[in-house]
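The structure under discussion appears below in the form of structure tokens.
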Amino acid sequence: MFELKFPDGAIRQYENNISPLEIAEGISKSLAKRVVGAKIDGQVWDLSRPIEPKDTPQTFELINRDSDDGLEIIRHDAAHIMAQAVQELFPDTQITIGPSIEDGYYYDFVREDKFSTDDFEKIEAKMREIVDRDLPIVREEWDREVAIKHFNEIGEIYKAKIIEEIIPEGETLTVYKQGDNWKDLCRGPHMPSTGRLGKAFKLMKLAGAYWRGDAKNAQLQRIYGTAWADEKGLKDYLVRLEEAEKRDHRKLGRQLNLFHMQEEAKGMVFWHPKGWTMYRALENYIRRKIEASDYVEVKTPQLMDKTLWEKSGHWEKFGHAMFTCETVEEEILAVKPMNCPGHVQIFNQGQKSYRDLPLRMAEMGCCHRFEPSGGLHGIMRVRNFTQDDGHIFCRVDQIYSETKDFCELLRTVYNDLGVELHSVKLALRPDVRAGSDETWDYAEKMLKEAAEAAGEIVELLPNEGAFYGPKLEFHLKDAIGRTWQCGTLQLDFVLPERLDAEYTGEDGQKHRPVMLHRAILGTFERFLGILIENHAGNFPMWLAPVQVVVANITSDSEQYAKDVCHKLRAAGIRAETDVRNEKINFKIREHSLQKVPVIAVVGSREAAEGKVALRRFGSQAQEILSLEEAMAMLSTESLPPDMK
RNA sequence: GCCGCAGUAGCUCAGUGGUAGAGCACGUCAUUGGUAAUGACGGGGUCGGAAGUUCAAUUCUUCUCUGCGGCACCA
């Protein structure tokens with residue numbers, strides 16, 4: 001006998017060898033059908049695996065199929081059932097790994113022939129068949145050497161590799177059998193039988209993926225699927241994907257006439273008047289913010305001689321991503337991929353003293369990088385972009401306060417712009433790096449403590465830092481749920497050394513300043529992409545490319561419409577007229593589709609009384625105001641968040 | 001860069017081994033209409049590019065370019 005403590009606090013006694021499923025069945029049949037696993041002392045447990053008795057009561061919780069833990073189990077089972085289906089259909093396939101992921105799962109396969117999305121239907125049908133067979137899923141513990149030998153013998157080379165290369169010796173190896181003829185090395189847990197999966201799953205996409213995430217290794221064939229507790233969950237998910245597609249910045253960029261891209265300039269944006277208006281609104285905003293934070297703004301050359309880039313170290317580390325050009329006089333110039341070397345050149349002019357530090361130098365720096373073709377993505381990942389860049393030259397003892405100030409500034413900006421920070425990460429020292437361990441210890445500690453002092457929860461990324469220093473990353477989420485690094489702060493001990501930056505200290509001696517590379521938005525391109533998707537194109541007044549459209553009803557009120565527009569513009573409002581020979585319904589529809597925040601309708605009544613009839617985007621209500629009232633109200637509404 | 005998928009009018013998409021279609025947009029004309037599509041007529045395409053198979057290719061094959069989804073790389 002042993003005791004379990006239930007979520008409601010009740011402690012019950014059970015016979016040894018009882019499984020969570022038996023406990024659930026003891027409570028109610030319908031509950032037993034709904035659950036997919038259990039949690040014992042917080043550890044996920046197979047439903048059919050006997051609980052190990054302990055002297056003290058263990059906490060016990062059943063996992064429902066529609067809970068987060070439950071969905072994870074369902075998706076993991078779906079991955080296995082898919083793998084079995086694939087191997088039954090294509091016996092020449094090897095299995096490797098197949099985890100559950102957000103909203104679904106994948107499985108990586110090795111097979112000479114290529115899968116095609118045309119195979120999906122067949123695989124799904126086989127999966128449904130395996131579910132109908134309701135094969136028992138049985139957990140077994142295996143000896144390490146036996147397992148390696150076995151998997152090698154049956155030709156599952158990758159499974160053997162996983163044991164040899166990934167699983168530490170001494171860890172219990174578990175194998176899950178699905179029926180008599182299929183098994184997989186797996187940590188589990190799994191449901192008691194394949195029938196429990198249900199049929200709310202769907203194969204989504206096919207992709208290549210490198211073994212262990214390393215491009216030097218073989219490329220496997222990955223099949224992605226999604227799986228849910230029930231049909232409704234699946235349907236809702238698919239609807240959600242469709243909705244997200246409508247917010248795609250590439251689609252909205254076209255529909256709202258913000259920008260375009262074309263083959264002859266891959267990864268480079270052609271900003272149209274409307275998109276550029278948004279860009280400038282954002283740029284003006286961020287410029288005010290950094291000016292208020294005691295930055296000085298500069299502008300440095302687009303092209304600089306290759307020798308400077310060699311000296312800075314970029315040529316060696318970053319040369320593969322740099323565009324170059326050769327002059328008729330045979331100099332080789334490189335297009336800047338970063339602004340930092342230019343900023344050091346300005347810092348190096350004249351003499352600097354400790355009194356000049358911290359020196360915060362900003363630039364709306366237009367950079368070019370040769371990004372791999374497969375990585376380009378709309379305006380979020382491009383080859384030509386402009387950073388709201390800045391470099392803070394400071395003393396080592398100023399790192400903490402500069403970092404903290406930066407984090408706080410970034411917070412106010414993101415709040416103003418209405419974006420939600422997804423995560424803050426701290427990329428720690430890589431294996432190959434410059435600088436002493438003491439320096440790294442100090443640098444990592446400062447960044448972490450400063451970010452935390454600013455109220456951020458910092459996630460650590462071992463090994464991910466730049467060779468010259470650790471890096472804080474600020475991530476945002478797009479419409480499809482992908483996250484993008486936007487803001488960043490990077491510590492650099494190396495560049496000041498390489499480019500001979502120095503200042504005179506209180507002691508009269510020369511010292512090296514430390515450089516903090518930092519950007520709040522990251523790049524205007526990426527950030528605007530995020531803003532477009534986050535707002536689904538329904539921009540707040542201050543960002544909207546056209547804030548007000550003045551539409552007349554008949555040509556009688558054409559002149560009045562033009563007068564109104566003229567006055568709104570004089571008041572600083574981005575207004576346009578629509579005096580086309582069209583019905584008012586047509587105009588309302590068109591400007592609503594363009595998501596213009598305010599439509600001012602003027603007919604003969606308004607013209608006679610000096611009024612306007614305002615209609616807000618997303619509402620059918622009319623608000624009739626005098627032109628003066630409307631102007632005052634709309635000017636206030638159009639103020640950027642920092643000027644309100 | 002690697003793997004899979006796709007490329008037809010400005011946009012969204014149909015279609016076929018036998019000279020290419022729709023809706024919207026665009027142009028002209030008529031219409032002056034109070035809050036999400038007024039009507040008629042018209043112009044518009046080397047069916048991404050190149051080669052091959054064929055009497056004949058937008059359609060089949062190969063190569064290539066670009067886009068999309070992943071992977072890798074990265075703001």
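Keep in mind it's a predicted model, so treat the numbers as computed, not measured. Just so you know, these numbers use all the heavy atoms, side chains as well, and skip hydrogens, waters and symmetry mates.
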May I ask you to verify if any side-chain N or O of Arg482(A) is less than 4.0 angstrom from the OP1 or OP2 atom of G70(B)?
-> yes
Candidates G4(B), C71(B), C73(B) - which lies nearest the side chain of Thr117(A) = G4(B)
Would you indicate, yes or no, if C5(B) has its OP1 or OP2 atom less than 4.0 angstrom from a side-chain nitrogen or oxygen of Ser116(A)?
-> yes
Would you check if the side chain of Gln387(A) reaches a backbone N or O of Gly365(A) as a donor-acceptor pair within less than 3.5 Å?
-> no
So, is Lys205(A) close to the C3(B) phosphate, meaning a side-chain N or O under 4.0 Å from OP1 or OP2?
-> no
With both distances under 3.5 angstrom, what nucleotide forms a Watson-Crick or G-U wobble pair with G67(B)?
-> C5(B)
Tell me what Lys587(A) touches on the nucleic acid: a base, only sugar-phosphate, or nothing, going by heavy atoms under 4.0 Å.
-> nothing
Out of U66(B), U35(B), U12(B), whichever nucleotide has its closest atom nearest the side chain of Glu263(A) | U66(B)
Between C74(B), C11(B), C68(B), which nucleotide has the shortest distance from any of its atoms to the side chain of Arg250(A)?
-> C68(B)
Can a side chain N or O of His377(A) be found less than 4.0 Å away from OP1 or OP2 on G69(B)?
-> yes
Hey, is the side chain of Lys266(A) poking within less than 4.0 Å of OP1 or OP2 on U66(B), counting only N and O atoms?
-> yes
Has Arg615(A) got a side-chain N or O lying under 4.0 Å from the OP1 or OP2 atom of A36(B)?
-> yes
